[in-house]
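Quick note on labels: first sequence line is chain A, next is B, and so on, each numbered from 1. When reading the values below, keep in mind they use all heavy atoms of this one structure, side chains included, and skip hydrogens, waters and symmetry mates. All values reported here derive from a predicted model rather than from experimental measurement.
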Amino acid sequence: MLILQRKAGETIRIGEDIIIRISEIGADRVKIAIDAPKGLPIMREELLTAAQTNQQSAATVDLTTLTSIQRMLHPKNEEKEK
Amino acid sequence: MNINTKYLGELSYTEEEIITFANGIFGFEENKQYLLIRFEEENGGLLCLQNLEDMNLAFIVINPFCFLEDYAPQPTEKDLEKIGSPVAETILCYNICVFNEDVQKSSVNLRCPLLINGESRQAIQVVLEDERYSFKQPFQELVKEK
């Protein structure tokens, strides 16, 4: 992995048409300005993780699993059944 | 109005029950309207978030406060503005679960709660900045804490 040191206001160029500028450096975060071709997806990593997690959640849950989850949530009911 | 749901058969609902995610939820930006349905009358913790545009799209969600007394999501003001800046008491909060055949491997996404304005039914899914909350908190641990 390439690691570069930059000061506020300095830029990095990737290829011909992507420019990344360190816009502001704060105590615990930096502000980054990105100039890239329209249509090139740029997103915060956690948004991608959030979308992937939702996609996994949308998978069908079968009835057996649902039942065991409900049991797990209600251990008291299970005791009663016994 | 009636709808065929993914998990709960055919249900009737009213306009007022519809929850609107103006920006969708992450990964499902085009699906905006949902119903929140309890699985069982007595089961306070487990609910189904059923999409109205696609009957095959449904999520299983929990009310986090049934399991985690100290769960304290802190959404940004900007996020809250998107659902009409409701006062804290009227915000409903749910978290989406990922279920696995092996129940032990099931998890809940505490990092990305669904926040609903209880009065206007406008809703948003946010990513919290607080890194203590995991995208995949094992379900087993929640139940233990309970």
Self-check item: Shortest non-hydrogen separation from B/Lys82 to B/Gln122 and the atoms involved
Solution: O-NE2, 3.8 Å

Exercise. Identify which part of B/Asn100 has an atom lying under 4.5 Å from any heavy atom of chain A, answering side chain, backbone, both or neither.
Key: backbone

Quiz item: Looking at A/Thr64, A/Thr53, A/Val61, which has the largest count of heavy-atom pairs under 4.5 Å with chain B?
Solution: A/Val61

Quiz prompt | Donor-acceptor under 3.5 Å (B/Thr20 side chain, B/Ala22 main chain) | solution = no

Quiz item: Taking the side chain from B/Glu53 and the backbone from B/Gln33, do they hold a donor-acceptor pair closer than 3.5 Å?
Solution: yes

Exercise. Spell out, as yes or no, whether a donor-acceptor pair under 3.5 Å connects the side chain of B/Asn51 to the backbone of B/Asn31.
Key: no

Self-check item: Side-chain (B/Lys6) to main-chain (B/Met55) donor-acceptor, under 3.5 angstrom
Solution: no

Practice problem: Answer with side chain, backbone, both or neither: which region of B/Gln125 has an atom nearer than 4.5 Å to a non-hydrogen atom of chain A? | Solution: side chain

Quiz item: Do B/Phe139 and B/Phe99 have ring centroids that are under 6.0 Å from one another?
Solution: yes

Quiz item: Can you say whether B/Cys97 sits under 4.5 Å from chain A via the side chain, the backbone, both, or neither, judging by heavy atoms?
Solution: backbone

Self-check item: Toward chain A, the part of B/Ile25 with a non-hydrogen atom under 4.5 Å
Solution: both

Quiz item: Can you say whether B/Glu129 sits under 4.5 Å from chain A via the side chain, the backbone, both, or neither, judging by heavy atoms?
Solution: side chain

Quiz item: Relative to chain B, which of A/Leu66, A/Leu47, A/Thr60 shows the most heavy atom pairs under 4.5 Å?
Solution: A/Thr60

